[in-house]
Amino acid sequence: MQTRGEYDHKKIERSWQEKWKEQELYKTHESDEKEKCFVLDMFPYPSGEGLHVGHPKGYIATDIYSRFQRMNGKAVLHPMGWDAFGLPAENYAIKNKVHPKVSVDKNIARYKEQLSIIGPDYDWSREINTTDPGYYKWTQWIFLQLFKKGLAYESNEPINWCPSCQTGLANEDLEDGKCERCGSVIVKKPMRQWVLKITDYADRLLNDLETLDWPESIKVSQRNWIGRSEGAEIDFEISGIGDPVTVFTTRPDTLFGATYLVLAPEHKLVDGFKKNITNWGEVEKYREETKKKDEIERTAEGKEKTGVLLQGVRAINPATKKEIPVYIADYVLDHYGTGAIMAVPAHDKRDFDFALKYDLPVICVVEPYDFDQNLVPRIVSDISDEDSQKIYEEIIVGKRCFEGKGRSIHSNIYDGLSSDEARGKITDSFGRKKITYKLRDWVFSRQRYWGEPIPIIHCESCGVVPVPENDLPVVLPEVESYAPTGTGESPLADIDEWVTTTCPSCGGKGKRETNTMPQWAGSSWYYLRYMDPQNTSALVSREREAYWNTVDMYVGGAEHATRHLIYARFWHKFLYDIGVVSTLEPFTRLQHVGLIMGEDGRKMSKRYGNVVNPDEIVVTYGADSLRVYEMFMGPFDQNISWNTDSIMGSRRFIERVWKMGKKVSSEKDSQSSPEALSALHVAIKKVTEDISAFKFNTAISALMVCNNTFEKTNVSKKDFSLFLQLLAPFAPHITEELWSGMEGEGSIHVAPWPRAEEKYLVSDNVTIVIQVNGKMRGEMQVTRGETKENIIGLARKVEGVGKWIDGKVIVKEVFVPDKLVNFVVKEHST
RNA sequence: GCCCGGGUGACGGAAUAGGUAGACGUAGGGGACUUAAAAUCCCCGGCCCUAAACAGGCGUGCGGGUUCGAUUCCCGCCUCGGGCACCA
């Protein structure tokens, strides 16, 4: 595309960007007179590939939002930084023998340049970088506080190990049992690692979701991830052996139907039963096989259940007092609940399948029953009474599994109770209430180089000793080779002079912890650092924290729902508990940005060759056009394909505004016409509402409609300037340029936001729609507020209406003031 | 399997305390300007019927229902996207 005429976006955009920088127009100012507004983007990992047009979408939105807030008189904090620890830089280092720091700095410079040409209002003086020792000092400091409170602990449990990345991973880093990053199948590997006790915060993480203005889908994801379930723990005595088996169940009401127990193969009690088990060889073999299977095999195998009977071990059902067999089976997971279940095949599909295979008794203890209607309901809809009866009979005799609630039977004194009543009473008699979570503690150590060193020293005599806070940061040392050792130790283990140190506690010989923190560490608290980035004595000062308080608007991808957004909430709550922050939640309001897909409908990626570079778009169309286009594409949170043709529409709009601006400023100033005033104030109202609600596409549409009206009528300089202000957050350069040629003083970006005046919003005339039997048959203009009688009288005479009502009986006349009339008619009965 | 979202012209999408479906934009068609093209400006633009216009009919994934009136509310399906998943 050629640039023609006077509108030279390159020149205008570059010169304003320079001026804003000189004037420090976007510098953050704390002010007690102003309300504050903290607007934040999820900060990027500066990858070597640079930005594609999808990346700026969220950044443009926060830019619009923060500019809007500034014009509304708020003290705005809108910063940017870099989440720069992580595997890609490290892998690049291994391949090319370049220190990650070098490539990271280079990538940051490129990112910053690419971002800057889009014209954002970031206050770069508050830029942060998670790999700065001055920054990660505080990441390490938080770890020490967690350690001191017993929330960071060493564990030797088997963890998720990625054989390709050669590091342990947290549950959150997996996707279908594969490494989220490289797709390798994860294996379970027992090794020493650091774990954070996020499960202590499970309830608070769950409950406080209620207080947040977040998309429901993200809240639901977090609820699923935390996975709270209420139930009971029940002890089953083992005949002739001391230790009972404790099971967790959400259906204590089915206790009378528990006909066997199942333990996870890894369950500790299995070893305790060893001397009683007569088929130990078989048991051991099954346990070995289970251990060999990776997560995929164990779960994907799905349907066909396997297990081994523990011969010689018999449990006693505390309700029926009957002896029941005990199995180990890999469909029971050691890490969930108590690692043991009571199997109720009549009321659990999995137990039912297992019982069928091993020929175990199925005893129905809950019959389908509807207490509201006092009858046996249809279990399956759309079937005949006979079939329904047949299903009912199968359930009663244990030939079919029924997982629903109903009425207790075969349950002694509990017979006749509803499932909910039975649940409570049986729990009271035979067990105790218990709540479990799917959420597991956060495996926090990585056996890699490019991360924050965990500030711990291992002393031969004192054991695990935290690095004194005064010695922070523990700086990441230079290494010869960045490659993981593969032995479960990080490359840091090879640096003797770094590893060997003195114990801060006894002064004896100590060794540094060589594991590093996961990528999520630095991003779990970074928003706080923007409040006070230069502070060397605290991660944030009390005053600054008190002022900025919490992030008012947080924007980023939905893929962080169960990773970053859970970790950060966890750390924030911990920092609240130790008095560092004064709020319970870090992000009050969250909007998630939909992806910009490639023109082919696939995810934009080098691999598909569908990447569009924003730099080129800015060169060709200008930053303002790019910004307007990305916001105009569709609803902000929706995934939409890029279309280079369509950007023309935004470019044309910008050019038309330019022409209008030139016309208005060059001609003699005139009064705005009523149409222009009405269009302007409708736009003010709409744009104001829509920016607040993140509905940028309709805001831009309203601006287009307004400008289209202006082109056909007279607009004063003053009113056109108001229009420019509405457009300013979206297209900051062209509006500043035109503003400077009008009467505007100073920068348009700090001019007070326009207010819609009610008198221009309502017109005296309204259009009344005339319907006959609900179908539109005509319309007419009348003055606002006409009575029903007058309107109906007029409506009958409107052209094209008569033939629908003449000779018919009017049954009813529906009237909606200032909107419509509807004649309900029918034929004359003869 | 369970839980969330969605399905509207050729395309991106507007409009839901029930009240003119298709705003705005892209692509397309026609015209003006031009030696010509690009750009710009004006007009058309859901489908059927019609030479065309008018009139009429149909139309918001499918099938029912409530209502004077349903894209919007209710019931039952189909389908796409996402989250969780042998979680007891």
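Letters A, B, ... mirror the listed sequences (proteins, then strands); counts begin at 1.
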Axial cation check for A:Tyr331 ring with A:Lys305, 6.0 Å and 45° limits
yes

Restricting to nitrogen or oxygen on both sides, can you table the protein-nucleotides 66-68 of chain B pairs closer than 3.5 Å?
from, atom 1, to, atom 2, distance (Å)
B:rC68, O2, A:Asn822, ND2, 2.2

Looking for any heavy atom pair under 4.0 Å, which part of the strands does A:Asp351 touch: base, sugar-phosphate only, or nothing?
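Nothing, no nucleic acid heavy atom in range.
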
Distance-only check: which donor-acceptor pairs under 3.5 Å involve side-chain atoms of residues 697-704 of chain A, not counting sequence neighbours?
from, atom 1, to, atom 2, distance (Å)
A:Thr698, OG1, A:Asp690, OD2, 2.8
A:Thr698, OG1, A:Lys695, O, 3.2

Side-chain N or O of A:Arg652 versus OP1/OP2 of B:rA39: is the shortest distance under 4.0 Å?
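No, outside the criterion.
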
Side-chain N or O of A:Ser650 versus OP1/OP2 of B:rG25: is the shortest distance under 4.0 Å?
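Answer no for this pair, as no side-chain N or O of A:Ser650 is under 4.0 Å from OP1 or OP2.
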
With sequence neighbours excluded, what pairs up with A:Ser678 under the side chain to side chain donor-acceptor pair (under 3.5 Å) test?
none

side-chain hydrogen bond (donor to acceptor under 3.5 Å, both in side chains) contacts in which one or both residues fall within residues 257-267 of chain A, not counting sequence neighbours:
A:Glu266-A:Arg298

Sequence neighbours excluded - salt bridge (Lys or Arg N to Asp or Glu O under 4.0 Å) pairs with any residue from residues 214-223 of chain A
A:Glu210-A:Arg223, A:Glu216-A:Arg223

Look for any protein N or O under 3.5 Å of an N or O in nucleotides 54-59 of chain B and output each such pair with its distance, or none.
from, atom 1, to, atom 2, distance (Å)
B:rA55, O3', A:Lys803, NZ, 3.1
B:rG57, OP1, A:Arg777, NH2, 3.4
B:rG57, OP2, A:Arg777, NH1, 3.4

Annotated structure of RNA chain B as dot-bracket, pair cut-off 3.5 Å, Watson-Crick or G-U only, | for inter-strand, is (((((((..(((......[....))).(((((.......))))).(((.......)))..(((((..]....))))))))))))....

Salt bridge (Lys or Arg N to Asp or Glu O under 4.0 Å) against A:Glu813, all qualifying residues, sequence neighbours excluded
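A:Glu813: salt bridge (Lys or Arg N to Asp or Glu O under 4.0 Å) contacts with A:Arg796.
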
Taking all non-hydrogen atoms of both residues, which atom of A:Glu180 and which atom of A:Glu175 are closest, and how far apart?
CG-OE2, 3.9 Å

Under a 3.5 Å distance rule, please check whether A:Arg777 uses its side chain to pair with a backbone N or O of A:Val801 as donor and acceptor.
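Side chain of A:Arg777 to backbone of A:Val801: no pair is present.
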
Does B:rG30 fall in syn (glycosidic angle within 90° of 0) or anti?
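B:rG30: anti.
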
Sort me out a list of protein N/O and nucleotides 13-17 of chain B N/O pairs below 3.5 Å, or just none if empty.
from, atom 1, to, atom 2, distance (Å)
B:rG13, OP1, A:Gln638, NE2, 2.6
B:rA14, OP1, A:Asn697, ND2, 3.0

With rounding to the nearest 0.5 Å, note down the distance linking CD1 in A:Ile435 to CZ in A:Arg228.
4.0 Å

A:Asn224 side chain, from C-beta outward: closest of B:rC24, B:rU26, B:rC84
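When the side chain of A:Asn224 is considered, B:rC84 is the closest of B:rC24, B:rU26, B:rC84.
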
Of the candidate nucleotides B:rA88, B:rC86, B:rU26, which contains the atom at the shortest distance from the side chain of A:Thr249?
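The answer is B:rA88.
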
My understanding is that only residues two or more places apart in sequence, or in another chain, count here; which of them pass ring pair (Phe, Tyr, Trp, His ring centres under 6.0 Å) with [X]?
{"X": "A:His560", "result": "A:His564"}
{"X": "A:Phe694", "result": "A:Tyr65, A:Phe636, A:Phe696"}
{"X": "A:Trp804", "result": "none"}

Apply the test side-chain hydrogen bond (donor to acceptor under 3.5 Å, both in side chains) to residues A:Thr436 and A:Tyr336: give CA-CA distance (whole Å), side-chain angles for both, the deciding distance (0.1 Å), then the verdict.
CA-CA 8 Å; A:Thr436 53; A:Tyr336 184 74; 3.2 Å; yes

If the P atom of B:rG65 is compared with that of B:rC84, how far apart are they to the nearest Å?
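The answer is 40 Å between these two P atoms.
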
